[in-house]
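What follows is a single structure, written as structure tokens, with notes after it.
Labels below follow one simple rule: chain letters A, B, ... track the order of the sequence lines, proteins then strands, and each chain is numbered from 1. We use all heavy atoms of the structure for the numbers below, so side chains are in, but hydrogens, waters and symmetry mates are not.
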Amino acid sequence: MTEWDGLTLLARWLVYISLSTSIGGAISLRLLRRQETILPRLRLYTLVSLMLGFFTSTLYYFVRVGAFAEAGLAGMFDPVMREVLWNSPVGGELLSRLLGLCVLFAALILTLPTNRSGRMGAVEVLSLLLGCLLLGASFARTGHTTQLDFFASALLALHVVLATWWIGSIYPLWLVTHRLSRERARHVLERFGELAINAVVLLVIAGGILLWRLTGGEGLLTTPYGFWVVCKGALVALILVIAAYHRYQLVPVLMDGGSRHQLKKSLALEKVVGWGIFGATTVLATLVGPAH
Amino acid sequence: MSSTFKSLLSASCLMLAALLAMPASAHTHLAKSQPADGAIVQEPVQELMLEFAEPVRLMRVDLTKAEGAPINIDFVPSIGPGTTYDVAVPELAPGDYRVHWMLMGADGHKVTGSFSFSQR
């Protein structure tokens, strides 16, 4: 592994995290629009995430330029390589990402008025959909699935949006647990649990199909790619167990004196595991490949 | 329609689509070169030809003489993708040469490789 491989890994991991918090924050602003007490904090979370998203996406692009230029850190700004990469899938990926972030920023602006029912609400939902679509599609511009067909690209976009939404929603749920009354918190967490079950089913199936399309089920126990797939699978299994523990153990007893502190700690652990999943995904997307 | 039923319906559609699809093929590779890898050529080499298995962006080509300094070949990376690239080289003295190439595949990944030849 070269220094550029290390920088590429770090930059891409940061892209996953910042886009996850951007998507999670923007969607939570819509879903939790009636929870006035936490809206200012949610807006701040989304704004900071979007700014980090712009920064990490641009950083990742320049790291890729540097990796191709192979001329030290100054190579990140090599004008010829910059032009070549801008006109390649790497440039398309950045453009799609920046547009997606701009659209989510517009959705954030739309949350500022206090009354968001009616037409403005519809515009906000459309902005969220378009922003998520652009961000999800950006991941389909490069990477191993480009060897496949449109269906695989659509599946990857869906997989990315669902996963990033889930992990990015953990802080908003932590806020719900921390700031709202026990009754409200339980209601919101139960609603999220219902949504999450549908999302998780789609997420896991989409991931499984993509894995089969990429590997045909071969080399999972004998190749580096297979090793990282197994690592990712183990972390996904762990996060599912944590999510189930929240839904069936911690949330139901929240109103009956159940510990908020325990739930908040468990949500923090879920976030760490989620970032670990992003780490394994980063390795799968950059360092190893199904047919390398 | 219940949310569980909708989830199952979506899952069934995705599984059906998966059954109709095939696994992906391998990454791109150098299909052919001129001179060929390991070739011993009698005529002066005036250009290198690299042909890839699928459209790629050739980003870099370095030519080095065995135990010698790199040879300046004035290569400019390609903006658009292509499968065949001709790279002009200066007049080469007899000896052993190695060509290192680096490309960007359609997936945006960096792929490197090399081949060598001898000129008599």
> Among A:E70, A:E83, A:R141, which has the most heavy-atom pairs under 4.5 Å with chain B?
Replying inline: A:E70
>> Which one wins on heavy-atom pair count under 4.5 Å against chain B: A:G143, A:G208, A:G92?
In response: A:G143
> For A:R191, does the CZ atom sit with more than 12 other heavy atoms under 6.0 Å from it, leaving out its own atoms?
Replying inline: no
> Strictly by modelled atom types, are A:E93 and A:T142 linked by a side-chain donor-acceptor pair under 3.5 Å?
Replying inline: yes
> Given that the side chain runs from C-beta out, which part of A:A152 has a heavy atom under 4.5 Å from chain B: side chain, backbone, both or neither?
Replying inline: neither
> Which heavy-atom pair separates B:V89 from B:V45 by the least distance, and what is that distance?
Replying inline: CG2-O, 3.5 Å
>> Restricting to non-hydrogen atoms, name the atom on A:R82 and the atom on A:V65 that form the minimum distance, rounded to 0.1 Å.
In response: N-CG1, 4.0 Å
>> Which atoms of B:M102 are under 4.5 Å from chain A, going by heavy atoms: the side chain, the backbone, both sets, or neither?
In response: side chain
